[in-house]
Amino acid sequence: MQRRGALFGMPGGSGSRKMAAGDIGELLVPHMPTIRVPRSGDRVYKNECAFSYDSPNSEGGLYVCMNTFLAFGREHVERHFRKTGQSVYMHLKRHVREKVRGASGGALPKRRNSKIFLDLDTDDDLNSDDYEYEDEAKLVIFPDHYEIALPNIEELPALVTIACDAVLSSKSPYRKQDPDTWENELPVSKYANNLTQLDNGVRIPPSGWKCARCDLRENLWLNLTDGFVLCGKWFFDSSGGNGHALEHYRDTGYPLAVKLGTITPDGADVYSFQEEEPVLDPHLAKHLAHFGIDMLHMHGTENGLRDNDMKPRVSEWEVIQESGTKLKPMYGPGYTGLKNLGNSCYLSSVMQAIFSIPEFQRAYVGNLPRIFDYSPLDPTQDFNTQMTKLGHGLLSGQYSKPPVKSELIEQVMKEEHKPQQNGISPRMFKAFVSKSHPEFSSNRQQDAQEFFLHLVNLVERNRIGSENPSDVFRFLVEERIQCCQTRKVRYTERVDYLMQLPVAMEAATNKDELIAYELTRREAEANRRPLPELVRAKIPFSACLQAFSEPDNVDDFWSSALQAKSAGVKTSRFASFPEYLVVQIKKFTFGLDWVPKKFDVSIDMPDLLDINHLRARGLQPGEEELPDISPPIVIPDDSKDRLMNQLIDPSDIDESSVMQLAEMGFPLEACRKAVYFTGNMGAEVAFNWIIVHMEEPDFAEPLTMPGYGGAASAGASVFGATGLDNQPPEEIVAIITSMGFQRNQAIQALRATNHNLERALDWIFSHPEFEEDSDFVIEMENNANANIISEAKPEGPRVKDGSGMYELFAFISHMGTSTMSGHYVHHILSHLVLFSHWSCEECTLNAIVHIKIVRLREAE
């Protein structure tokens, strides 16, 4: 007990146990088969605990398993030891100490500062001139907590020494998510040293730039050879453009260009067309001076306008961030910030909003012991574990503590600084939820609404038993479609999770101001004068609601009454009101050139919202329903053959195709069915399926019957489809029983997970209360053999219904003019708090909103 007390800093600790070289070798012999050297492809987690946000910077350090290379904080390492029996861990700890002062008061450099071998972020709150870091590593053997200091080449077996060195030198599995890494790894262009610059007399003015081949005045690039100013491509640097800079390179071969507006005394964005990547130009100041640009006096501003050239005005960023206002930092439970990993603010904003909802708090943080205890062997790859970890990190207050004066005094006396971790880095969570998704797995900016739908899909697929916190968002939409020729109607219901409101530009209340501003702006551009103060269109929120309720034309509508295509109109109403209604203002659109754009408008968001007038009414007296006849399905022979022969497991549906379709506005369940029934052949084929089936009554119902046509029963035995017999394949049952589980437990787990092996194993671990019931299994197998099991009718989607009165709960704001860049922040209205990056601050804001979350108002 004293050895453990020494390790964990408990009372009664008297130091670690010292052993001779022979004793160390003998101590490790029983554990040698469990110690591995990391291979190529192994992920070594030495920066972050799998269950918490503890790191080597934490007071208890971090324990890395020498077999699985998973890392655990002091509170969670015992759980991993009990579950796996792995006994050997590497304990990593970073110490932060104040530097020793010399006679003159300056800090003296110490050799100990060279002992930094962990690839960790330094504390931004500490001045590196006043503090130094020392990293410590040692092996710890459980359960007796024997400690072996590292390095120890003379006494440790060679295999152990090699394994320790490999762990310590391994790269972080999340290095690609760190934007600082990219900046440090930018290569120097091979053309920079000998760049040819034409003596053509070109001088670049300090403002008023414009593309030499079109009228664009943003996303402009200066060619460093001939001084031509041209626009970039819209997907190149997350901004709009027509690609004239690239065309110019192809015509001339001049390789380097610098982005105007990014030039500062510290550098600029330089791109090499020949090398096809961002580069460094060590002679950039000289190359810019050739065209009359003094790099030391430049400031990165839009279109070159300096601060003294512009009229003082309040920007969107300043409004939302409440610049100029002294905000009070918030600490404690519920006030923990998330670090921006580089274009990850969309994720942070959504997750802050999600875990401000009590149902999500109870489902994950409330079930923390159970979820952690029954997590799979690799908890980094389990959705529920990572959701619980993130929720606990945000809500516990463990990573949002204010400095305490008494602790500071104690630290000064000990000459050791105990850094308070304020905020958490969601690297592990982002890596898991975005894997296999082509957009979220990148480091490009993404849309918060798209990520919200992606997250809801993951919550639905990984629900914990019967509990599903996303029920609070789910509601039914009644769609009424009327054939314009026969006047007959069809009513259908679909499931949705958010309300998308169009921006009614025609309803702007300041049209005269907008016209005057546009005339002034054009005149200023023509004369190269500073632009006037921006005037935004003011759109009433009621106009957006009215636009939502207006009928829409249905293209290619197939009328079952006419048995032919006809004109149709569609209206949408709420068949149920959810507990929390997510409202998105559709401020993003596509221009005539298909370049995504953002509406720069101002919409006043009400604190109270009454949408009872949007309640569905169903079939009305005098209305005649369209015949329930499905349109003919035309499928090419080759596609049909592929469908018959390539049935897929519902759990293997291509989620990237599903999300592409969902982002077009189709119901999520309909998208999943479309991808499933088209055999994962891509979003385009699935889109065609949606067009053919979107008028069917069960279009938006959850996928319940796998297979295509008569192939359902043929594929049941292979893919575990849920049909009339629903008997799990014997080969899958045998795999589970070979792991030591009971046969009836394996069968019940497979039945509960649609015969998916991986999910069935997770089900077994998450249902420890399972009791053997041999009578049930015998009866089930006999009925299955006789093929007479009666399946209960599939339940429809669970929806909650309340009144149409809502009050504002939280909102997410997007700052920036481009759809591919900008920044998201999140505000919670229960105790108005601004969440941005690491910090949480008390505020009093009424701001521009991208996504709003409202909750049902309690009856008075």
- Item | Partner of Asp135 by salt bridge (charged side-chain N to carboxylate O under 4.0 Å, His left out), out of Lys93, Lys46, Arg94 | Arg94
Would you call [X] and [Y] a side-chain contact if the rule is heavy atoms closer than 4.5 Å?
X      : Y      : value
Ser375 : Phe51  : yes
Ile424 : Leu390 : yes
Val459 : Tyr364 : yes
Leu341 : Arg427 : yes
Leu455 : Met387 : yes
Thr34  : Ser87  : no
Val88  : Val160 : no
Ser52  : His392 : no

For [X] and [Y], which heavy atoms make the closest approach, and how far apart are they?
X      : Y      : result
Pro469 : Glu359 : CB-O, 3.9 Å
Lys83  : Phe372 : NZ-O, 3.8 Å
Pro157 : Met32  : CB-CE, 4.1 Å

- Item | Step-by-step side chain to side chain donor-acceptor pair (under 3.5 Å) determination, His95 to Glu136 | CA-CA 8 Å; His95 302 277; Glu136 177 188 14; 2.9 Å; yes
- Message: Would Arg461 pass as a cation-pi partner of Phe383, given that its NZ or CZ must be under 6.0 Å from the six-membered ring centre and within 45 degrees of the axis?
- Response: no
- Message: Ring of Tyr53, cation from Lys389 - is the NZ or CZ under 6.0 Å from the centre and inside 45° of the axis?
- Response: yes
- Describe, in one word, how the ring planes of Tyr63 and His91 are oriented to each other, choosing from parallel (under 30°), tilted (30 to 60°) and perpendicular (over 60°). tilted
- Charged N to carboxylate O below 4.0 Å: is that the case for Arg362 and Glu467? no
- Query: Which one of Phe142, Phe81, Phe69 satisfies the ring pair (Phe, Tyr, Trp, His ring centres under 6.0 Å) criterion with Tyr89?
  - Reply: Phe142
- Out of curiosity, Ile148 CD1 to Leu27 CG, how far, rounded to the nearest 0.5 Å? 5.5 Å
- Message: Once rounded to the nearest 0.5 Å, what's the spacing between atom OH of Tyr374 and atom OG1 of Thr385?
- Response: 13.5 Å
- Message: Pair Asn152, Glu155 - check side chain to side chain donor-acceptor pair (under 3.5 Å), show working.
- Response: CA-CA 6 Å; Asn152 198 339; Glu155 300 178 350; 3.0 Å; yes
- Task: Give a yes or no on whether the backbone of Glu655 and the side-chain of His454 come within a donor-acceptor separation of less than 3.5 Å.
- Result: no
